[in-house]
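To start, the structure itself, in structure tokens.
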Amino acid sequence: MGVPIGELIPKKEIELENLYGKKVAIDALNAIYQFLSTIRQRDGTPLMDSKGRITSHLSGLFYRTINLMEAGIKPAYVFDGKPPEFKKKELEKRKEAREEAEVKWREALARGDMEEARKYAQRATRVNEMLIEDAKKLLELMGIPVVQAPSEGEAQAAYMASKGHVYASASQDYDSLLFGAPRLVRNLTMTGKRKLPGKNVYVEVKPELVVLDEVLSSLKLTREKLIELAILVGTDYNPGGIKGIGPKKALEIVRHSKDPLAKFQKQSEVDLYAIKEFFLNPPVTDEYKLQWKEPDEEGILKFLCDEHDFSEERVKNGLERLRKAVKAGRQSTLESWFMKR
DNA sequence: CATCGAGA
DNA sequence: TCTCGATGG
């Protein structure tokens, strides 16, 4: 699940309003996972239509995207392409963890322990091709740009941000910083009240802004050194990192060593230099169009209500808000265009 | 995640 | 008007 360097990263809480008028590239899979794991009943069952097809992600995408648009934020969703070969190990590890969680989910259900059941159900969250296709279809109907990354979505989002085509990359993970995103927004798809795991306590979750330059200057590192640090503590491509090395130690090592990967390469099964190269120069594409169009309201009603049993009243209400938000966005884009001259 | 409505 | 728990699909 991304790089465990959160404790080293300076970040500042912001308000949604601070992102008014900004375009952001959202890591679609990251968002979909969040929706799938949080939008559930208390026993952990996800939302489903009458045919048993999961709809939690559609609900989350639909309402959250509308809320972002209403806040004047223009989201583009970036979907993963083919994962790099050296991610296989991590993907297998995740699959095993999910299968284990699924067993525990069933056990907790049988005991009638709903709290535990929900916890493990969340961990058992799986994303398949069908879910992705449905998500893309909904976003396209909504007139929201869908970007297909050749490889990692985070890398593509970072590229778009570094080009200045979007203000920031949005994800829970810090990987896009390694990929060179000048700005990262966290908590964009899960802002609001959230239950703390374990305790029955709710906290207000606000979006966080992470600025790459500030990260680097506060840690006194270059981006290359930050990548090396990440590789020492573990990335999706070398899960677990180097045994016995946590963020603190890793920071010392990369600060003082010219080539920190060298002495750890022999005790590592994976090619650490290949990982570094991947973070520095990931496959990305220029083939994307960032255009927010009028939603296809009839298509959305057909898709969400007829096919997936959403409430017509709620969807129509959402569409009304979306239509207004798109119009307001147009207006503000036009204004700023005239302001520049 | 979101919305909704009951009850303070 | 606000908070909270249930429900949505």
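By convention in this document, chain letters (A, B, ...) are assigned in the order of the sequence lines, proteins followed by strands, and residues within each chain are numbered from 1.
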Could you give the CG-to-C1' distance, from A:D306 to C:dG9, as a whole number of Å? 14 Å
Select one nucleotide: of B:dA2, B:dC1, C:dG9, the one nearest the side-chain heavy atoms of A:N67. B:dA2
Specify the separation, in whole Å, of atom CD of A:Q41 and atom C1' of C:dA6. 11 Å
Scan residues 310-326 of chain A against DNA chain B and write down, sorted by residue number, each residue with any heavy atom closer than 4.0 Å; if none is found, say none. A:R314, A:R321
Phosphate-side-chain proximity, A:R40 and B:dC1, N/O vs OP1/OP2 below 4.0 Å: no
Expressed in angstrom and rounded to an integer, what is the separation of A:I54 atom CD1 from B:dC1 atom C1'? 15 Å
Write down the distance between CZ (A:R64) and C1' (B:dT3), rounded to a whole number of angstrom. 14 Å
Expressed in angstrom and rounded to an integer, what is the separation of A:R118 atom CZ from B:dC1 atom P? 10 Å
For residues A:N281 and A:E277, is any side-chain donor paired with an opposing acceptor at under 3.5 Å? yes
Would a single hydrophobic cluster contain both A:L29 and A:F278, if residues Ile, Leu, Val, Met, Phe, Trp and Tyr are joined by side-chain heavy-atom contacts under 4.5 Å? no
Just compare B:dA2, C:dG9, B:dC1 and give me whichever is closest to any side-chain atom of A:L47. C:dG9
Could you state the CD1-P distance from A:I26 to B:dC1, rounded to the nearest angstrom? 14 Å
Between atom CZ in A:R53 and atom C1' in C:dG9, what is the gap in whole Å? 11 Å
Base, sugar-phosphate, or nothing for A:S50, non-hydrogen atoms under 4.0 angstrom? nothing
Going by side-chain contact (heavy atoms from CB on, under 4.5 Å), name the residues that satisfy it together with A:K12, two or more places apart in sequence or in a different chain. A:L209, A:V211, A:E214
Pairing donors with acceptors under 3.5 angstrom, does anything connect the side chains of A:D27 and A:Y77? no
Atom pair distance, as rounded to whole Å: CD in A:E70 and C1' in B:dT3: 13 Å
So, A:Y174 and A:K11: side-chain donor and acceptor under 3.5 Å apart, yes or no? yes
Joining Ile, Leu, Val, Met, Phe, Trp and Tyr whenever any side-chain heavy atoms lie under 4.5 Å apart, the cluster holding A:Y20 also takes in none
Is the A:Y288 to A:H165 ring centre distance short of 6.0 Å? yes
Categorize A:T55 for me: base, sugar-phosphate, or nothing, with a 4.0 angstrom heavy-atom threshold over every strand shown. sugar-phosphate
